[in-house]
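Have a look at the structure below before the remarks.
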Amino acid sequence: MGIAWFLALSAFIFCIGAGGVITRRNPLVILLCLELMLNAGNLALLSFSRMVGNRDGQVFALIVMVVAACEVVVGLGLIVAMYRRRLPIDVDEVSELRG
Amino acid sequence: MIGAVHSQLGPFHAPHVDWKGMSPLLSVLGGSAAVLIAGLFPGRRTQRVVVPVLAIAALIAAIGLTVWIWEPGGVRPIVAGALSVDTLALGVSVLFYVAGIATILLSLRSAVVRECGAGEYASLLLGSIGGMVLLAGAQNLVTIFIGLELLSIPLYILCGSRVRQEHSLEAGLKYLIVGSVGSATLLYGLALLYGATGSTSLSVIGHAVGTRVPLDDPLVLTGVALAATGLAFKASIAPFHTWTPDVYQGAPTPVTTFMAVATKAAAFAILLRLFDEGLISDRTNWGPALAALAVASIVIGNAGAIGQRSMKRLLAWSGVAQAGYILAGVVVGTRLGIQTSAFYLAIYLPMNVAAFAVVIARMRVSERGDDMAALEGLGRSSPWLAWPMTIAMLALAGFPATAGFIGKFYLIDATVAGGYAWLGVAIVIGSMISLVYYLRVIAVMWMSPSEVEVPAPAPARASPSRRVRSVAGWSPEADVRAQPEVAFVAIACAAATVFFGIVPEPLLHLAREVGSAISSAL
C-alpha cells in the first residue's frame, strides 16, 4: 500500500469534518466534526512520518492530541454553561449576534 | 545506581536552553501561575488590588527583560531550534505586554472580573500572552501550533467569561468553533508542509523549498494554501472574517480590546515568519493569492463598517479592513514591507485601545451600551473622552499629523517599491471609503445636541451602585472622575498616536531593527 491511500483517507476524513462543521447545527456534533478534522491532520502527520523516516511527525501528532482534548474541554464547558442558562443548544437558534 | 543506569543508556545530552533568552516568557507564565494562586485568597482587597498589581508587575518585568536581551540581528535559537529570540519576536511581544497592561487597567472595575474571579481572569490573560510570545518566536511547525493554541484557548474562555450573559457565552462558543476550524486547517497545512520537506524546522523547510523540493510541488502548494487559510481566520482577514463582528460585540469589552490589538499582532507576526522567512522562495506562488485576500479584506471590511450603529461592530469591521492594509506589507515580502508591517502593528495598538477605552467608559454610564448614540454630545459633556475618540478615529482613517498617516504612507511606499503598486491604490481607495464611517463617529460626538443622561437604574446589570457613586450629584464630568484609569488609558493612547504621528523616527528605528531579524527578505 502506497502513501497515497493514507493521504486520500486523511483528506476524506478532513472533508467529512469540514462538511459536518458547516452543515450540522448541534454544537456537540460540531465539536465531534472538529475532532475529525484534527485527527485527519494526525493521520497525515503519522503517514508522512513513516514516509520520510523521522519521528518529528509522531511527536507533533501526540501534541495535537493533547491540544484537541483541551479544546473539547473548553467547548463542552461552554455548552454546559449555556444549557444551565436554558439557552437553546442549536447554533441556528443562537442568533442573538447575527448580522 | 545512577552510574549503572548511565552506563546502560549511554551519554545523554540535554538540549541547550538559553534561560536568559526565555526570561520574558518565563516572567509572563510565572505571573500567570502567581495571580491564579493570589486570587484564591479571600478578601476584596486581594481581588481588586493584589491580583491586578501582580499581573501588571509581571508584564512590566517582561518588558524590562525584553529591553535587557534586545540585540539587533539574526535568529538566536534558545531551545534546541524550536524557539528563537530575535528582534521580530521581541519587538512584537512588547506590543502584547502593553496590550495586556491596558486590558488589565480597563477591566479593573469591569463586571467580568467580578463574575469570573480576578485571579482566573488575569491568569487566562497572561496565559494567552504567553502563547503569543511563543508564537512570535516560533522556529518550528510544532511550536507554531502550540503557540497558536495556547493563545486561543484562554481567549475562548475569556470571551465566554460573563457566564450570566447570553451574548458572552454565545460569543465564546462561536469563537471556539470558528477558531478551532482555523487551527485544524492550519494543522493540515503544516502536516502537508512536513510531508513535502521531511522536517518541521522552518529554516530547513525554507532551504528545501526551491532546491530539494520543486516550487510548484502540489504538497507544498496545498500546504501553503491551507496554512494561509488557518492563519487568516486568526487575523480576521476576509473572507474568513465572518466571526469577527459577532464575537467582538458579544465578548466583554476589555477582552475585545485585547483581541483586537494583541491577537492581530500575534497572527501577523507568524504570517511574517512563515511566509517572509520560511517560504520566501515560493513568493511567486503565494504572493498573488495573499494580495487577493488583502484587497478582499480592504473592500469587505470598509463596506461592512458603513452601516453599523454598534461601536464594537464598527471597530470589528474596521479591524478587518486594517488587517488588509497590514497584509499588504506581508505580501511584498521585502525588508521594507516587513518594517512597515511591524510599524503599522505598533501604531495600530494605541489607535484601537484609545477608541475601545472610550467605548468602555460610555458603556458603564450610558444605558445605550455600545450604540453610537451613547456618544452623542460627548464633545460638550466630557471632552476628555471625546478628544481621544476623535484622535483615534482620525488616525484609523489615516489623517495627517497622526500615526495612522505615517503608517499608511509607508505601507503604500512599500507596496509600490515591491512591485504591487495596485495594492497601494487599493489602500488609498479603502482609506477614502473608511472616512465615511470614521467621520460619522466624530460628527455624532461633536455635532449632535448635548444630552445630559441620568445614569440608568441598570435593570439587569450587576450592582449599578459601584459604577456611579451617587445619582444625585452626578454630572457628565463625574464619569471621567469615577473611572480615572479608563480615561488615563484613552488619553495616554491618544497622546501616543499624535506623538508618533509627529515624531515617528524612534518607532521607525525600532521597526528597522525588527525588520533586520528576517535575513532572507529581499
Side-chain angles (χ1 to χ4, degrees), chain A residues 3 7 10-11 14 17-18 21-22 27 30-31 33-49 51-54 56-57 59-64 66-68 70-75 77-79 81-89 91 93-99, chain B residues 140-143 145-146 148-150 152-157 159-161 163-181 183-201 219 222-223 226 243 245-250 308 310 313:
Chain A
I3 180 138
L7 288 187
S10 112
F14 187 82
V21 170
I22 295 167
I30 290 181
L31 282 186
C33 293
L34 285 172
E35 286 299 293
L36 278 184
M37 290 175 83
L38 284 172
N39 281 320
N42 276 347
L43 182 58
L45 280 171
L46 292 178
S47 16
F48 282 132
S49 176
M51 184 185 86
V52 301
N54 62 26
D56 293 7
V59 175
F60 200 162
L62 266 181
I63 288 171
V64 172
V66 176
V67 166
C70 298
E71 263 179 12
V72 168
V73 166
V74 173
L78 283 170
I79 292 173
M82 290 178 82
Y83 180 75
R84 282 204 187 148
R85 302 276 309 141
R86 302 273 183 271
L87 293 180
I89 306 287
V91 282
E93 306 264 320
V94 179
S95 55
E96 193 91 25
L97 301 168
R98 180 75 53 80
Chain B
N140 192 302
L141 301 184
V142 184
T143 325
F145 189 71
I146 298 179
L148 195 77
E149 290 298 316
L150 185 55
S152 306
I153 293 178
L155 273 182
Y156 302 149
I157 310 175
C159 279
S161 56
V163 279
R164 293 196 198 104
Q165 285 218 329
E166 298 176 16
H167 294 292
S168 178
L169 284 176
E170 285 174 15
L173 190 63
K174 206 164 211 172
Y175 191 32
L176 176 104
I177 291 172
V178 179
S180 305
V181 171
S183 311
T185 316
L186 174 75
L187 171 72
Y188 208 79
L190 297 184
L192 294 183
L193 280 178
Y194 166 67
T197 58
S199 170
T200 55
S201 159
L219 280 182
T222 324
L226 287 175
W243 58 274
D246 288 353
V247 173
Y248 274 28
Q249 191 185 21
Q308 298 297 334
S310 151
R313 293 184 81 88

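Reminder, nothing fancy here: chain letters follow the sequence lines and each chain counts from 1. Values in this document were obtained by computation on a predicted structure and should not be read as measured data.
Nearest heavy-atom pair across A:Leu78 and B:Leu169 is CD2-CD2, 3.9 Å. Considering every non-hydrogen atom in both B:Gly195 and A:Val52, the closest pair reads O-CG1, 4.1 Å. B:Tyr188 and A:Leu7 get closest at one heavy-atom pair: OH-O, 4.1 Å. Across all their heavy atoms, B:Leu173 and A:Gly75 have their closest contact at CD1-O, 4.4 Å.
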Chi angles and distances behind the side chain to side chain contact (heavy atoms under 4.5 Å, CB included) call for B:Gln165, A:Arg85: CA-CA 9 Å; B:Gln165 285 218 329; A:Arg85 302 276 309 141; over 6 Å; no
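The candidate from A:Ala68, A:Ser10, A:Ala61, A:Ala11 with the greatest count of non-hydrogen atom pairs under 4.5 Å with chain B is A:Ser10. Options B:Ser180, B:Gly198, B:Ser199 differ in how many heavy-atom pairs under 4.5 Å they form with chain A, and the most are formed by B:Ser180. Taking A:Val59, A:Val21, A:Asn54 one by one and counting their heavy-atom pairs under 4.5 Å with chain B, the maximum is reached by A:Asn54. Heavy-atom pairs under 4.5 Å with chain B were tallied for A:Ser49, A:Ala44, A:Ala18; the largest tally goes to A:Ser49.
Separating the CD1 atom in A:Ile63 from the CG atom in B:Leu187 is a distance of 11.0 Å, to the nearest 0.5 Å. The CG atom of B:Leu141 lies 9.0 Å from the CG atom of A:Leu45; values are rounded to the nearest 0.5 Å. The CZ atom of A:Phe48 lies 5.0 Å from the CG atom of B:Leu219; values are rounded to the nearest 0.5 Å. Note: B:Ser183 OG to A:Leu38 CG = 7.5 Å, rounded to the nearest 0.5 Å.
In this structure a side-chain-to-backbone donor-acceptor pair under 3.5 Å is present from B:Tyr194 to A:Gly57.
In this structure, chain B has a heavy atom under 4.5 Å from the side chain of A:Leu31, while its backbone stays farther away. Contact of A:Val64 with chain B is made through backbone and side chain together, with heavy-atom distances under 4.5 Å. Neither the backbone nor the side chain of B:Leu150 comes within contact range of chain A; no heavy atoms are under 4.5 Å apart. Of the atoms belonging to B:Leu192, heavy atoms from both backbone and side chain fall under 4.5 Å from chain A.
Using a 4.5 Å heavy-atom cutoff, the side chains of A:Met37 and B:Thr185 are in contact.
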